[in-house]
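Since the structure comes first, as structure tokens, the remarks are kept for the end.
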Amino acid sequence: MMTPTVKAILDKYESDNPGVKTNLARILMQGKLGGTGKLIILPVDQGFEHGPARSFAINPAAYDPHYHYQLAIDAGLSAYAAPLGMLEAGADTFAGQIPTILKLNSSNSWATQINQAVTGGVDDALRLGCSAIGFTIYPGADEVFDMMEEIKELSAEAKAVGIATVIWSYPRGGDLPKSGELALDVGAYAAHMATLLGAHIIKVKLPGDHIEQKDAKKSYEGTDWSKQSDRVAHVVQSCFAGRRIVVFSGGAAKGADAVYQDARDILAGGGNGSIIGRNTFQRPRHEALAMLDKLVRIYKGEE
């Protein structure tokens, strides 16, 4: 039964058809956080981005796509996101057990352009029973306008057949220095762009307190941005004042305490949750399940 919290979230998606809202509800009602308005999603696209050994050698069981499906199900997560081949490899075994998100574009670690190739389609998402498509844009990159046009077409096609859209928005390239990729103003701008592109769920990195853009500095003066929860709140504010679902990536592997603190700050700042890959599947299964269980309790306000 849909909770008032989930209904209130869905009511903010005013243009969407019942199919899209059903698929958003599937994600929001799934697993241990079902009905709370909070999400934890397992993304496993790192094999494309970093290579199999860098992604899975530390936990060899993770070479098997079934491992990730089962981890997401056993941990009671909200959804599992992966590229085409990964989802196809377990689509029948795990059909109907967890909402899936088909990641439609990918890069690799040798590419010199800051860009991604389209590696799946909405027809694949339909065939595999996915609740959403996922797509990465790189605000700042010279190729970002091509990426925006690609997701405009793919998102329109997905919405027409009742499938939701998740946009990963990671600033890099162009005139943006490496030091500015995690700046607060840049992260909020990137999140806002994903919202403007029609994403139902926006995925961004947790920003630091640095302000990168010279023309934006005045807008941020007079406020203390040292608390991560306040920075989360600003990113949420930038996504139509909280009218869109915003989740934050776990980033590179880090200590468990840092992962838990991030979740507490996301909760305090009004974010909708975590989309956390390497920090879970690169740990032994029992450690990953314990970590994810604790994250669930944090998002429920239980610790």
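Bear in mind the structure is a predicted one, so any value in this text is a computation, not a measurement.
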Side chain of H192, backbone of G187: donor and acceptor closer than 3.5 Å?
no
Separation of S106 OG from N115 CG (nearest 0.5 Å):
11.5 Å
H68 and Q70: side chain donor to acceptor below 3.5 Å
no
Centre of W168's six-membered ring, under 6.0 Å away, within 45 degrees of the axis: is that where NZ or CZ of K103 sits?
yes
Treat each ILVMFWY residue as a node, draw an edge where side-chain heavy atoms are under 4.5 Å apart, and state whether Y189 and L182 are in one component.
no
Of all heavy-atom pairs linking L77 and I40, the shortest is CB-O, 3.5 Å
Taking a hydrophobic cluster as the set of Ile, Leu, Val, Met, Phe, Trp and Tyr residues connected by side-chain heavy atoms closer than 4.5 Å, whether directly or through intermediates, do L42 and V166 fall within one such cluster?
yes
For C130 and N23, the nearest pair of non-hydrogen atoms, with its separation, is O-OD1, 4.3 Å
Close side-chain approach of L154 to F135, heavy-atom, < 4.5 Å:
yes
For the residue pair D262 / Q228, report whether a side-chain donor-acceptor contact shorter than 3.5 Å exists.
yes
Tell me whether D230 contacts the main-chain N or O of A233 through its side chain, where contact means a donor paired with an acceptor under 3.5 Å.
no
Could you report the tightest heavy-atom contact between I167 and L197, atom names first, then the distance?
CD1-CB, 3.9 Å
hydrophobic_cluster_shared for I163 and V118, side chain cutoff 4.5 Å:
yes
Give a yes or no on whether the ring-centroid distance for F56 and F281 is below 6.0 angstrom.
yes
Looking at N279 and G250, would you say the former's side chain and the latter's main chain have a donor-acceptor pair under 3.5 Å?
yes
Backbone N or O of E302 within a donor-acceptor pair of the R297 side chain at under 3.5 Å?
no
Would a single hydrophobic cluster contain both M2 and L24, if residues Ile, Leu, Val, Met, Phe, Trp and Tyr are joined by side-chain heavy-atom contacts under 4.5 Å?
yes
Ignoring hydrogens and angles, tell me if any N or O in the side chain of S155 forms a donor-acceptor pair with the backbone of K152 under 3.5 Å.
no
Within 6.0 Å of CG in L196, more than 12 heavy atoms from elsewhere
yes
Chi angles and distances behind the side-chain contact (heavy atoms from CB on, under 4.5 Å) call for Y260, I298:
CA-CA 8 Å; Y260 301 142; I298 289 170; 3.8 Å; yes
A side-chain contact here means heavy atoms from C-beta on lying under 4.5 Å apart; do D74 and L289 qualify?
yes
Are any of the side-chain nitrogens in E181 or K178 under 4.0 Å away from the carboxylate oxygens of its partner?
yes
For K217, does the NZ atom have more than 12 heavy-atom neighbours from other residues, nucleotides or ligands under 6.0 Å away?
yes
Might you work through the side-chain contact (heavy atoms from CB on, under 4.5 Å) test for Y67 and N59, ending with a clear yes or no?
CA-CA 11 Å; Y67 178 86; N59 179 22; 3.0 Å; yes
One should read off an interatomic distance between I211 CD1 and S219 OG, to the nearest 0.5 angstrom, of 9.5 Å
Residue pair P18 / K21, side-chain heavy-atom distance below 4.5 Å:
no
Heavy-atom side-chain proximity of Y138 to P171 below 4.5 angstrom
no
Side chain to side chain, S78 and P99, heavy atoms closer than 4.5 Å
no
On a heavy-atom basis, the closest approach of A158 and T165 is CB-OG1, 4.3 Å
Quick check on side chain to side chain contact (heavy atoms under 4.5 Å, CB included): which of I101, V44, I41, L71 does Y80 satisfy it with?
V44
Main-chain N/O of E212 paired to D185 side chain as donor or acceptor, under 3.5 Å:
yes
Is the Lys NZ or Arg CZ of K205 less than 6.0 Å from the centre of Y170's six-membered ring, within 45° of the axis?
yes
Output the distance between atom CD1 (I114) and atom CE (M147), rounded to the nearest 0.5 Å.
10.0 Å
What I'd like to find out is whether the side chain of R54 reaches to under 4.5 Å of the side chain of S109, using heavy atoms alone.
yes
Let me confirm one number: the CD1-OG distance from I137 to S169, rounded to the nearest 0.5 Å.
3.5 Å
Distance check, rounded to the nearest 0.5 Å: L104 atom CG versus E150 atom CD?
10.5 Å
Begin from the C-alpha positions of W225 and H234 and carry the test ring-ring contact (aromatic ring centres under 6.0 Å, His included) through to its verdict.
CA-CA 10 Å; W225 295 106; H234 178 58; 5.3 Å; yes
Treat each ILVMFWY residue as a node, draw an edge where side-chain heavy atoms are under 4.5 Å apart, and state whether V259 and L33 are in one component.
yes
Over 12 foreign heavy atoms within 6.0 Å of CZ, R243
no
Could you check whether any side-chain N or O of H200 sits under 3.5 Å from a backbone N or O of A164, counting only pairs where one atom can act as donor and the other as acceptor?
no
Within 45° of the axis and under 6.0 Å from the centre of the six-membered ring of Y13, does NZ or CZ of R244 qualify?
yes
Heavy atoms, side chains only, cut-off 4.5 Å: are R278 and S55 in contact?
no
Compile the donor-acceptor pairs under 3.5 Å between side chains in residues 3-12 and protein atoms, sequence neighbours left out, one pair per line.
| from | atom 1 | to | atom 2 | distance (Å) |
| --- | --- | --- | --- | --- |
| T3 | OG1 | V6 | N | 3.2 |
| T3 | OG1 | G35 | O | 2.8 |
| K7 | NZ | D11 | OD1 | 3.3 |
| K7 | NZ | D11 | OD2 | 3.1 |

Walk me through whether S107 and Q116 qualify under side-chain contact (heavy atoms from CB on, under 4.5 Å).
CA-CA 5 Å; S107 184; Q116 297 210 356; 3.9 Å; yes
Heavy-atom side-chain proximity of V246 to V235 below 4.5 angstrom
yes
Between I266 and S274 the two heavy atoms that sit nearest each other are CD1-OG, 3.9 Å
Are the side chain of D45 and the backbone of A82 linked by a donor-acceptor contact shorter than 3.5 Å?
no
Without swapping roles, check the side chain of R172 against the backbone of A141 for a donor-acceptor pair under 3.5 Å.
no
Basic-acidic side-chain contact under 4.0 Å: K227, D265
no
Residues G273 and Y299: closest non-hydrogen pair is C-OH, 3.4 Å
Working to the nearest 0.5 Å, report the span between CE of M86 and CG of L102.
12.0 Å
Counting only N and O atoms by type, is there a donor-acceptor contact under 3.5 Å from the side chain of D293 to the main-chain atoms of A75?
no
R127/D123 ion pair, N-O < 4.0 Å
no
Would E221 and K218 count as a side-chain contact (heavy atoms from CB on, under 4.5 Å) here? Give the steps.
CA-CA 5 Å; E221 285 174 357; K218 188 173 182 182; 4.2 Å; yes
